[in-house]
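Right, one structure below, let's go through it.
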Amino acid sequence: MLSKVATRQFSKSASTAYKVAVLGAGGGIGQPLSLLMKLNPKVTDLALYDIKGAPGVGADVSHVPTNSTVKGYNPDAIDQALKGSDVVIIPAGVPRKPGMTRDDLFNTNASIVRDLAKAAAEHCPKAAILIISNPVNSTVPIVAEVFKNAGVYDPKKLFGVTTLDVLRASRFISEVEGTNPVDEKVTVVGGHSGITIVPLISQTKHKNMAKDKRDALIHRIQFGGDEVVKAKDGAGSATLSMAQAGARMAGSVLNGLAGEHDVIEPTFVDSPLFKSEGVEFFSSKVTLGPQGVAKIHDLGELADYEEEMVKTAKETLIKNIQKGQDFVKQNP
Ligand SMILES: NC(=O)c1ccc[n+]([C@@H]2O[C@H](COP(=O)([O-])OP(=O)(O)OC[C@H]3O[C@@H](n4cnc5c(N)ncnc54)[C@H](O)[C@@H]3O)[C@@H](O)[C@H]2O)c1
Ligand SMILES: *[C@@H]1O[C@H](CO)[C@@H](O)[C@H](O)[C@H]1NC(C)=O
Ligand SMILES: *[C@@H]1O[C@H](CO)[C@@H](O)[C@H](O)[C@H]1NC(C)=O
Ligand SMILES: *[C@@H]1O[C@H](CO)[C@@H](O)[C@H](O)[C@H]1NC(C)=O
């Protein structure tokens, strides 16, 4: 990533300062994500916030000798953490505890994201907001509702981070094809969990892959998170690969803000693609620019089996999005 930045021609970044805030910086994702943001040369001011542990992570990361300031904020200082932020990344959450129902589990992260969104709407309403906290398919609509209620919603500035699905797709397709994952670009559309994740294999150079192999690959991309959960054996889900994915997405958003050209990432956004069918948010390739979303690309040509998968994803997403919107209505 660094070499790519270094070889880019002129960019406004040389003369522009960017403040990035990480909310949930003390967590499994938040800590390595904070480190990776410290390594991004566009970041001049890194604000780390958590309900516990952020000053420690801040002091630790601040010793990395890149030309940016880092500060960890205590729980009572979210206003200072957010003030002036250009990009806010949210990997906050509370893991499942014994006795929690599915609804409890949903409501916990939903409340956290709602409250952090309220703070962002108040203290940095123009920032790009990147949501990592799960379930992304519902937490992104939650943030949108909060920003709408505050009268500051800009659909060009809200992103559900689906980049881990994209990274896994590159990695896993390279494993079955015996190629270098760096050369494998796979567009992933739809949503960000299970069957809503639709990797468009027909648009890769491996479109003629045998059906059995392809089905297994798609399943692995959709449920790759389970491999990590199982291997960690009770100690959580993907954190390091997720941090890399979050840092890549945030880096691309910063590149867009800085006016670089052809910055494209698949991401879950407020999308016109299927709005007439009731799907308000959808992930597809998005060109990033100085205002956030510059262009939402359509899905391009799909194979028949992909059309089917997209149809299923849309049906599921309508319910997930509604669930997020209802949550804010019932728990403003
Ligand atoms: N988008 C993706 O692809 C993807 C992948 C993996 C995990 N996730 C999600 O990312 C989130 C974080 O995962 P993790 O493994 O880092 O969890 P974690 O429990 O290790 O860390 C969460 C952090 O959030 C903090 N937190 C809780 N409430 C907060 C609040 N109100 N304000 C600020 N911080 C708060 C906690 O103190 C903790 O440090 C989860 O929701 C997880 O499901 C998303
Ligand atoms: C390093 O940071 C300082 C303070 O933000 C800034 O004035 C200076 O121009 C930066 N140096 C480089 C080489 O970017
Ligand atoms: C909420 O976040 C925690 C991490 O803090 C994660 O383990 C859990 O799976 C998330 N809940 C949901 C419903 O995704
Ligand atoms: C999406 O989000 C909902 C919460 O609204 C969750 O229960 C569901 O399992 C997620 N994934 C799918 C594929 O629906």
Side-chain angles (χ1 to χ4, degrees), residues 102 106 131 134-141 144 155 159-177 179 181 184-229 238 245 249 264-287 293 295-326:
R102 267 183 92 81
F106 174 82
I131 305 299
N134 270 324
V136 162
N137 54 12
S138 300
T139 48
V140 170
F159 305 90
V161 179
T162 60
T163 321
L164 185 54
D165 308 324
V166 179
L167 300 195
R168 284 183 181 140
S170 291
R171 179 69 210 179
F172 298 166
I173 201 170
S174 78
E175 287 181 14
V176 295
E177 293 295 326
T179 54
E184 297 292 353
K185 303 271 176 286
V186 187
T187 298
V188 183
V189 302
H192 173 64
S193 71
I195 54 165
T196 68
I197 298 172
V198 184
L200 301 179
I201 307 298
S202 75
Q203 295 179 9
T204 70
K205 51 195 171 193
H206 310 291
K207 63 176 171 211
N208 296 322
M209 192 182 294
K211 182 176 183 301
D212 284 0
K213 191 173 168 185
R214 189 187 74 208
D215 288 349
L217 172 65
I218 291 173
H219 186 271
R220 190 176 179 209
I221 294 167
Q222 291 178 326
F223 297 95
D226 296 348
E227 292 178 18
V228 181
V229 169
M249 183 61 200
I264 299 177
E265 294 285 355
T267 168
F268 188 65
V269 290
D270 188 323
S271 173
L273 290 186
F274 303 110
K275 216 162 248 197
S276 64
E277 298 170 51
V279 191
E280 293 183 48
F281 294 82
F282 200 83
S283 181
S284 68
K285 281 203 285 189
V286 171
T287 300
V293 172
K295 181 184 172 186
I296 295 172
H297 299 249
D298 62 27
L299 304 188
E301 207 177 308
L302 301 183
D304 290 346
Y305 73 91
E306 289 167 343
E307 293 278 11
E308 273 309 304
M309 290 173 72
V310 167
K311 187 164 165 269
T312 308
K314 288 192 282 195
E315 289 161 5
T316 307
L317 283 172
I318 288 177
K319 294 181 220 147
N320 301 159
I321 293 164
Q322 187 67 47
K323 187 165 175 179
Q325 293 168 336
D326 289 348

Taking all non-hydrogen atoms of both residues into account, name the closest pair between [X] and [Y] and its distance.
X: L302; Y: E306; value: CA-OE1, 3.6 Å
X: L317; Y: F281; value: CD1-O, 4.2 Å
X: L164; Y: A245; value: N-CB, 3.5 Å
X: P266; Y: V188; value: CB-O, 3.5 Å
X: R168; Y: A238; value: NH2-CB, 3.6 Å
X: L273; Y: S284; value: CD1-OG, 3.6 Å

Could you tell me whether the side chain of [Y] reaches within less than 4.5 Å of the side chain of [X], counting heavy atoms only?
X: L200; Y: V189; value: yes
X: L167; Y: F172; value: no
X: V293; Y: I296; value: yes
X: F282; Y: V269; value: no
X: I201; Y: K207; value: no
X: Q222; Y: M309; value: yes
X: D165; Y: H192; value: yes

Answer yes or no: is there a donor N or O on one side and an acceptor on the other, between the side chain of [X] and the main chain of [Y], under 3.5 Å?
X: Q325; Y: A144; answer: no
X: T267; Y: V161; answer: no
X: T312; Y: E308; answer: yes

>> With salt bridge (charged side-chain N to carboxylate O under 4.0 Å, His left out) as the rule and sequence neighbours excluded, what pairs involving residues 274-284 come up?
In response: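 Residue pairs with at least one partner in residues 274-284: D270-K275, E277-K314.
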Can you tell me how far apart [atom1] ([X]) and [atom2] ([Y]) are? Round to the nearest 0.5 Å.
X: I195; Y: E315; atom1: CD1; atom2: CD; result: 9.0 Å
X: L217; Y: D212; atom1: CG; atom2: CG; result: 12.5 Å
X: I131; Y: T162; atom1: CD1; atom2: OG1; result: 13.0 Å
X: T316; Y: N137; atom1: OG1; atom2: CG; result: 9.0 Å
X: R220; Y: D215; atom1: CZ; atom2: CG; result: 15.5 Å
X: N320; Y: Q322; atom1: CG; atom2: CD; result: 10.5 Å

> Just wondering, are more than 12 heavy atoms of other shown residues or ligands nearer than 6.0 Å to NZ in K205?
Replying inline: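 Yes - once you tally the heavy atoms of other residues, nucleotides and ligands closer than 6.0 Å, there are more than 12.
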Output all residues satisfying side-chain hydrogen bond (donor to acceptor under 3.5 Å, both in side chains) with [X], sequence neighbours left out; order by chain, then residue number.
X: K295; result: none
X: N134; result: none
X: K213; result: E177

> Residues two or more places apart in sequence or in another chain: which of them pass side-chain contact (heavy atoms from CB on, under 4.5 Å) with S170?
Replying inline: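 With neighbours one apart ignored, the set is E184.
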> Of all residues at least two apart in sequence or in a different chain, which pass the side-chain contact (heavy atoms from CB on, under 4.5 Å) check with I264?
Replying inline: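 Only K285, T287, H297 meet the side-chain contact (heavy atoms from CB on, under 4.5 Å) criterion with I264.
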> Between R171 and E175, is the closest basic N to carboxylate O distance under 4.0 Å?
Replying inline: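 A salt bridge links E175 with R171.
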>> Cation-pi check for Y305 against R214: NZ or CZ below 6.0 Å from the six-membered ring centre and within 45 degrees of the axis, yes or no?
In response: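 Because its charged atom sits under 6.0 Å from the ring centre and within 45° of the axis, R214 does stack over Y305.
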> Going through the distances and angles, do F223 and V229 end up as a side chain to side chain contact (heavy atoms under 4.5 Å, CB included)?
Replying inline: CA-CA 10 Å; F223 297 95; V229 169; over 6 Å; no
>> Checking H206 against I173 for the side chain to side chain contact (heavy atoms under 4.5 Å, CB included) test, could you report, in this order, the C-alpha distance in whole Å, the side-chain angles of both residues, the deciding distance, and whether it holds?
In response: CA-CA 9 Å; H206 310 291; I173 201 170; 3.6 Å; yes
